[in-house]
Amino acid sequence: MMIPALVMALIAVLAGTAVPAAGGVVRVDSGWLRGSVAADHVAYPGVPYAAPPVGERRWRPPARVQPWSGIRNATAPSTPCAQQAGAVGAEDCLYLDVKVPHRVRPGERLPVLVWLPGGGFAAGASQEYDGSELATSGRLMVVTVNYRLGALGYLSSPALGQGNYGLMDQAAALRWVRRNAASFGGDPGNVTLAGQSAGARSVCALLASPLGRGLFHRAITQSGACDNRVPTLTEARAVGAKATEDLGCTAAPDVAACLRAHPPTRVLSVLSGLPPVHGRAGDRPWGPSAGTSVLPRQPGDALRTGTAARVPLLIGGTADEMRGFVSRQSSLTAEQYRAMMVETFGDRADAVLAKYPVTSTPALALATALSDWGGFIGACPVLRTAQAAAVRQPVYAYEFAEDSGRVTSDGFPLGAYHSQDLPYLWTVNMPQNPYPPLTAEQERLSATMIEYWTAFARTGNPNGTGRPHWPAFNHRGTVLGLSTTGIAPTPYATDHRCGFWQDLPR
């Protein structure tokens, strides 16, 4: 006779196994969940970690989920948060996806990897990242998180509060993991917080935030440096005032009510234009802001002064971060290139132009200069972040240098562009940004990278048998190059001319 899944789950809980039972049924603090059982893993997509931030809950800190009765099916992809990329997502979006390897053993405690998606704080979703391979190869509990985006996630106004709601969401997801990881066989005392691009900058913010303290024990930042400044509260309030004006709410008797009366698509449409490619990360309208109770200090300052969380850090990026962004301007002229440098660097522009002269392709010179400088995304802020962190905590630094081989229709080579490392760690579900299949050599590189990342999540050290040794980043500043041509230390600071950039405007 078949024993119902709920009864099996109850037996598992009473027996102290605290792992997914028959049918993938688990008990979390809000109720029972049923996941999808595959050959090698169990998936729980669409698990609510906070109450829907809608109506009066828009622009408020996340609240606990209301318990439900019966067994909730966690078998369909979670709803992305409403975002600028067209009519995508919804406000009711504070969900996360969980994957664990099949047949978690009673008493086993899986390391937990919590992933914060990128997307410039304006786009991105947990469902874009399938962590099945990470979960099964490394025996991890993998959690991918949605968080509020754009103006819905970061609008700062005296009528509403300090902003930083997306950052609060991420901390709420980590608290959910602490309360519920054991139900999936995960270890709440061994949590790695990881992210790429805006997700990496979110990791930096949570390293510096009181909200993140004690909620994670290691950190991974991919293509996002803590040394890149975020807006101050004053700057965020100025952006919020402009958005409030654009929404016609400045003179409203109740500004907060006026703002909440607008549909999410209207809210997300304000200040949604693409910023200049040669701008700085902190100039973008949406994202975490410093000088608040949630983020008292700049993340880079917190690392330098030792007030950030002192956890092992794995940090790096791609060799040609800015090529994908600059490729949209591949017809750039030499005169336009010079004008951009003057706009960005003022009276130091001639020094930059001398170091990065125009050759036959001004756009390629621009991409190289911006990738090294890293005012938006790039190499030298990553190096400075590693240097600051390594004073007080273990740091492992890398550069993903595998050439994508991709060339745009007008002949611009993308190289190892921003996000090119993602399909080496995840099965990426982004129809708007498809990645070509990996070659056999690239599959081997992918397997090695997964071994490094999962070993770091397990122990705080990426090293192990059967793969090249990864030296810690110390006074020698060793950075490990990752490509199919070899995995070995690379002259990162020299290649990216970080000595030159040290004294230039950041």
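Note that the structure is a prediction, hence the values are computed from the model and not measured. Counting begins at 1 with the first residue of the sequence.
- Judged by distance alone, the side chain of Ser183 and the main-chain N or O of Val28 form no donor-acceptor pair under 3.5 Å.
- In this pair, Trp373 and Trp501 present their aromatic rings tilted. The plane angle is within the 30 to 60° band.
- With sequence neighbours excluded, the residues that form a salt bridge (charged side-chain N to carboxylate O under 4.0 Å, His left out) with Asp130 are Lys99.
- Shortest non-hydrogen contact noted between Val277 and Gln329 is CG1-NE2, 3.6 Å.
- Contact detail for His217 and Val311: the closest heavy-atom pair is O-CB, 3.4 Å.
- Residue pairs meeting the side-chain hydrogen bond (donor to acceptor under 3.5 Å, both in side chains) criterion with at least one member in residues 275-284, sequence neighbours excluded, are His278-Glu343.
- Among residues at least two apart or in separate chains, side-chain hydrogen bond (donor to acceptor under 3.5 Å, both in side chains) pairs with a member in residues 198-210 are Gln170-Ser202.
- Taking all atoms of both residues into account, the shortest heavy-atom contact from Val65 to Ala50 is CG2-N, 3.2 Å.
- Looking at every heavy atom in both residues, Leu96 comes nearest to Ala173 through CD2-CB, 4.3 Å.
- Partners of Pro436 under the side chain to side chain contact (heavy atoms under 4.5 Å, CB included) rule, at least two apart in sequence or in another chain, are Arg406.
- The closest side-chain heavy-atom distance from Leu134 to Ile450 is below 4.5 Å.
- Val114 is not listed as a side-chain neighbour of Phe216, based on a closest heavy-atom distance of 4.5 Å or more.
- Between the side chains of Arg27 and Asn180, no donor-acceptor pair of N or O atoms lies under 3.5 Å.
- Rounding to the nearest 0.5 angstrom, the gap separating the CG atom in Leu366 from the OG atom in Ser330 is 11.5 Å.
- Taking 4.5 Å as the limit, every side-chain heavy atom of Leu149 sits out of range of all side-chain heavy atoms of Trp286.
- Proximity of Leu116 to Leu206: side-chain heavy atoms (C-beta onward) are separated by under 4.5 Å at one or more points.
- A 6.0 Å sphere centred on CZ of Arg103 holds no more than 12 heavy atoms belonging to other residues, nucleotides or ligands.
- Using modelled atom types, no side-chain atom of Tyr435 and backbone atom of Asp421 make a donor-acceptor pair closer than 3.5 Å.
- Under the side chain to side chain donor-acceptor pair (under 3.5 Å) criterion, Arg179 pairs with Asp29, sequence neighbours left out.
- Across Cys204 and Thr221, no two heavy atoms sit closer than the pair SG-CG2, 4.1 Å.
- In this structure, a donor-acceptor pair under 3.5 Å is present between the side chains of Ser126 and Ser78.
- With hydrogens and angles disregarded, a donor-acceptor distance shorter than 3.5 Å links the side chain of Arg506 to the backbone of Gln502.
- No donor-acceptor distance shorter than 3.5 angstrom exists from the side chain of Tyr147 to the backbone of Cys81, with no hydrogens or angles considered.
- Glu399 contributes no side-chain N or O that, together with a main-chain N or O of Gly481, makes up a donor-acceptor pair within less than 3.5 Å.
- Between the CD atom in Glu441 and the OG1 atom in Thr484 there is a gap of 5.0 Å [rounded to 0.5 Å].
- Looking only at side-chain heavy atoms (C-beta outward), Leu152 and Gln83 stay at 4.5 Å or farther from each other.
- Scanning for ring-ring contact (aromatic ring centres under 6.0 Å, His included) contacts around Trp453 gives Tyr398, with sequence neighbours left out.
- Evaluation of the side chain to side chain donor-acceptor pair (under 3.5 Å) rule for Asp372 yields Tyr356, His496 as partners, not counting sequence neighbours.
- No side-chain donor-acceptor contact under 3.5 Å links Glu91 to the backbone of Ala82.
- Phe184 is listed as a side-chain neighbour of Leu33, based on a closest heavy-atom distance under 4.5 Å.
- Once rounded to the nearest 0.5 Å, the distance linking OG of Ser197 with CG of Leu422 reads 9.0 Å.
- The side-chain hydrogen bond (donor to acceptor under 3.5 Å, both in side chains) pairs that include a residue from residues 304-314 are Asp227-Arg304, Arg297-Thr305, Asp301-Arg304, Thr305-Thr307, where partners are two or more places apart or lie in different chains.
- A perpendicular orientation is assigned to the rings of Tyr452 and Trp470, their planes being inclined by more than 60° (bins at 30° and 60°).
- Between Arg497 atom CZ and Leu504 atom CG the span is 12.5 Å, to the nearest 0.5 Å.
- One N or O on the side chain of Asp97 and one on the backbone of Gly46 form a donor-acceptor pair closer than 3.5 Å.
- Contact of the Pro101 side chain with the Leu110 side chain is registered, since non-hydrogen atoms from C-beta on lie closer than 4.5 Å.
- Remark: Glu451 pairs with Arg467 by the salt bridge (charged side-chain N to carboxylate O under 4.0 Å, His left out) rule, at least two apart or across chains.
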Can you check side chain to side chain contact (heavy atoms under 4.5 Å, CB included) on Val294 and Met168, steps first, answer last?
CA-CA 8 Å; Val294 170; Met168 297 181 207; 3.8 Å; yes
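- One distance of note links CG of Leu174 with CG of Leu193; it measures 5.5 Å at 0.5 Å rounding.
- Remark: Phe473 pairs with no residue by the ring-ring contact (aromatic ring centres under 6.0 Å, His included) rule, at least two apart or across chains.
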Using atom types as modelled, flag every donor-acceptor pair under 3.5 Å from a side chain in residues 424-431 to any protein atom, sequence neighbours excluded.
residue	atom	partner	partner atom	Å
Tyr424	OH	Gln442	NE2	3.3
Asn429	ND2	Gln127	O	3.3

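- Side-chain atoms of Asn461 come within 3.5 Å of backbone atoms of Asn463 as a donor-acceptor pair (strictly under, hydrogens ignored).
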Side chain to side chain contact (heavy atoms under 4.5 Å, CB included) evaluation trace for Thr79 with Asp92
CA-CA 8 Å; Thr79 302; Asp92 180 3; over 6 Å; no
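- Scanning all heavy atoms of the two residues, the minimum distance from Pro111 to Ala457 falls at CB-O, 3.7 Å.
- Residues Arg218 and Leu314 fail the side-chain proximity criterion, which asks for heavy atoms closer than 4.5 Å.
- Formation of a donor-acceptor pair under 3.5 Å by the Asp169 side chain with backbone atoms of Arg148 is found in this model.
- Screening Ser419, Ser371, Ser223 for a side chain to side chain donor-acceptor pair (under 3.5 Å) involving Glu321 leaves a single residue, Ser223.
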Evaluate the side chain to side chain contact (heavy atoms under 4.5 Å, CB included) criterion for residues Leu445 and Ile487: first the C-alpha distance (whole Å), next the side-chain angles of each, then the deciding distance (0.1 Å), finally the verdict.
CA-CA 9 Å; Leu445 175 61; Ile487 297 176; 4.0 Å; yes
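- With sequence neighbours excluded, no residue forms a ring-ring contact (aromatic ring centres under 6.0 Å, His included) with Tyr95.
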Dump the intermediate steps for side chain to side chain contact (heavy atoms under 4.5 Å, CB included) on Leu480 and Leu482, then the final yes or no.
CA-CA 6 Å; Leu480 191 72; Leu482 299 170; 3.9 Å; yes
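- Panel note: side chain Thr318, backbone Ala416; a donor-acceptor pair is recorded below 3.5 Å.
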